[in-house]
> 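Starting off with a structure, shown below.
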Amino acid sequence: MNFHLMTITDAEQVATWKYPQEYSFYDFEDSPETFQELLDGTYYAVRDNHGQLTGFFCFGHNAQVPEGRKQNLYKGENVLDIGLGMKPDLTGKGIGFSFLKAGIEFAKQQFEPKNLRLSVASFNSRAIKVYTRTRFKETASFVNNGTPFIVMTMEVENPG
């Protein structure tokens, strides 16, 4: 998988992605604010070996959920918050684990964090299963706009 800073073309594609049923919660709004966020330097597009856009990762402040910030759940030394999304027609096909592992490796090389942290809607059992498989552990929970969230962290293994 190839990572690069999100381009306008990438952002235009991501903004059109529509997820099924309750996962529509993750749809982006087609708005100037959305494009501004996607292009602010914290989002990286992920392409497969054929050059097809398969998803994205974001790092830092934009990976945090507002209510979690209000409750001071994103504190800590050398912790990198990550957010991610896969193209809707690729979800549920058993490739989330390898997608996440590639993102973790990218984050380790790019940012050298001691810990990674993510927030996930608690209904998203598929994602939680993948996160747990990669050694993320639940550390907190909160409700944002009526939706329960789980905060999960993992210690990054440094090559030694």
Side-chain angles (χ1 to χ4, degrees), residues 1-70 73-74 80-111 113 116-134 136 138 141-154:
M1 290 185 215
N2 302 303
F3 288 72
H4 63 267
L5 278 173
M6 190 162 295
T7 65
I8 291 172
T9 304
D10 298 326
E12 287 171 343
Q13 284 184 53
V14 169
T16 66
W17 289 353
K18 300 297 176 214
Y19 295 91
Q21 291 101 28
E22 72 266 19
Y23 296 101
S24 66
F25 170 84
Y26 292 107
D27 293 354
F28 280 96
E29 285 183 36
D30 189 0
S31 70
E33 294 79 20
T34 294
F35 285 97
Q36 185 177 352
E37 180 178 325
L38 289 171
L39 298 171
D40 75 358
T42 63
Y43 280 79
Y44 290 78
V46 182
R47 293 188 176 274
D48 66 15
N49 294 335
H50 304 290
Q52 295 298 309
L53 182 64
T54 59
F56 65 86
F57 280 83
C58 74
F59 301 99
H61 187 265
N62 284 335
Q64 299 174 350
V65 179
E67 185 60 32
R69 264 197 305 275
K70 280 186 201 165
L73 299 177
Y74 299 122
L80 179 64
D81 287 288
I82 67 170
L84 59 141
M86 288 180 61
K87 190 173 181 179
D89 61 359
L90 298 177
T91 62
K93 300 204 181 323
I95 59 176
F97 182 76
S98 60
F99 181 78
L100 177 59
K101 291 291 275 184
I104 290 169
E105 287 305 311
F106 178 80
K108 284 166 57 172
Q109 293 170 12
Q110 193 77 12
F111 303 103
L116 294 175
R117 178 174 50 212
L118 54 80
S119 299
V120 58
S122 60
F123 71 79
N124 193 345
S125 57
R126 289 189 316 205
I128 293 167
K129 186 175 171 186
V130 170
Y131 302 151
T132 301
R133 250 181 93 196
T134 53
F136 277 91
E138 183 175 343
S141 61
F142 62 93
V143 176
N144 188 78
N145 293 329
T147 300
F149 277 82
I150 297 169
V151 179
M152 303 181 82
T153 59
M154 74 171 283

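Heavy-atom basis, side chains included; hydrogens, waters and symmetry copies ignored.
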> L5: what forms a side chain to side chain contact (heavy atoms under 4.5 Å, CB included) with it, not counting sequence neighbours?
Y44
> Counting heavy atoms not belonging to N49, are there more than 12 under 6.0 Å from its CG?
no
> Mind checking the CG-CG spacing from L118 to L84? Nearest 0.5 Å is all I need.
7.0 Å
> Quick test of your reading: applying side chain to side chain donor-acceptor pair (under 3.5 Å), list the pairs with at least one residue in residues 25-35, sequence neighbours left out, ordered by first then second residue.
Y26-N124, S31-E33, S31-T34
> Would you name the heavy atoms of A107 and F59 that are closest together and state the gap between them?
CB-CE2, 3.6 Å
> Can you name the nearest heavy-atom pair linking V120 to A127, along with the distance?
CG2-CB, 4.1 Å
> Of all the heavy-atom pairs spanning A45 and L53, show the shortest one and how long it is.
CB-CD1, 3.7 Å
> Are there over 12 heavy-atom neighbours, none belonging to R133, within less than 6.0 Å of that residue's CZ?
no
> Can you list, pair by pair, the side-chain donor-acceptor contacts under 3.5 Å of residues 141-148, counting residues two or more places apart and other chains?
from : atom 1 : to  : atom 2 : distance (Å)
N144 : OD1    : E67 : N      : 3.0

> So, taking the atom named CD1 in I150 and the one named CD in E138, what distance separates them when rounded to the nearest 0.5 Å?
4.5 Å
> For the atom pair OG1 (T54) and CG (D89), what is the distance rounded to the nearest 0.5 Å?
10.5 Å
> What pairs of residues pass the side chain to side chain donor-acceptor pair (under 3.5 Å) test when at least one of them lies in residues 6-22, not counting sequence neighbours?
H4-D10, T7-D10, D10-R47
> Taking all non-hydrogen atoms of both residues, which atom of S98 and which atom of I95 are closest, and how far apart?
OG-O, 3.1 Å
> What is the distance from atom CG of L73 to atom OG1 of T153, rounded to the nearest 0.5 Å?
11.5 Å
> With distance as the sole test, does R69 use its side chain to make a donor-acceptor pair with the main-chain N or O of H61 at under 3.5 Å?
yes
> Out of curiosity, E105 CD to L100 CG, how far, rounded to the nearest 0.5 Å?
10.5 Å
> For this output row, return yes or no: ring centroids of Y131 and F97 closer than 6.0 angstrom.
no
> List for me each residue that meets ring-ring contact (aromatic ring centres under 6.0 Å, His included) alongside F25, sequence neighbours excluded, and say none if there are none.
F123, F149
> So, do M6 and C58 sit near enough that their side-chain heavy atoms are less than 4.5 Å apart?
no
> Determine, using ring centers only, whether F56 and F3 are less than 6.0 Å apart.
no
> Evaluate the side-chain proximity of V14 to F35: yes if any heavy-atom separation is below 4.5 Å, no if none is.
no
> Distance from R117 atom CZ to Q64 atom CD, nearest 0.5 Å?
6.0 Å
> For L80 and G60, which heavy atoms make the closest approach, and how far apart are they?
CD1-N, 4.0 Å
> F106 and F57: aromatic ring centres closer than 6.0 Å?
no
> Apply side-chain contact (heavy atoms from CB on, under 4.5 Å) to residues T132 and V130 and explain how you reach the verdict.
CA-CA 5 Å; T132 301; V130 170; over 6 Å; no
> Decide yes or no on side-chain contact (heavy atoms from CB on, under 4.5 Å) for I104 and T134, but give the supporting numbers first.
CA-CA 9 Å; I104 290 169; T134 53; 4.2 Å; yes
> Are L39 and I8 close enough that some pair of their side-chain heavy atoms sits under 4.5 Å apart?
yes
> Return the minimal non-hydrogen interatomic distance between A63 and I82, and the atom names on each side.
CB-C, 3.3 Å
> Assess the residue pair K108 and L116 against the criterion (side-chain contact (heavy atoms from CB on, under 4.5 Å)); give the C-alpha distance rounded to whole Å, side-chain angles, the decisive distance to 0.1 Å, and a yes or no.
CA-CA 9 Å; K108 284 166 57 172; L116 294 175; 5.5 Å; no
> For Y43, give me all partners under side-chain hydrogen bond (donor to acceptor under 3.5 Å, both in side chains), at least two apart in sequence or on another chain.
E37
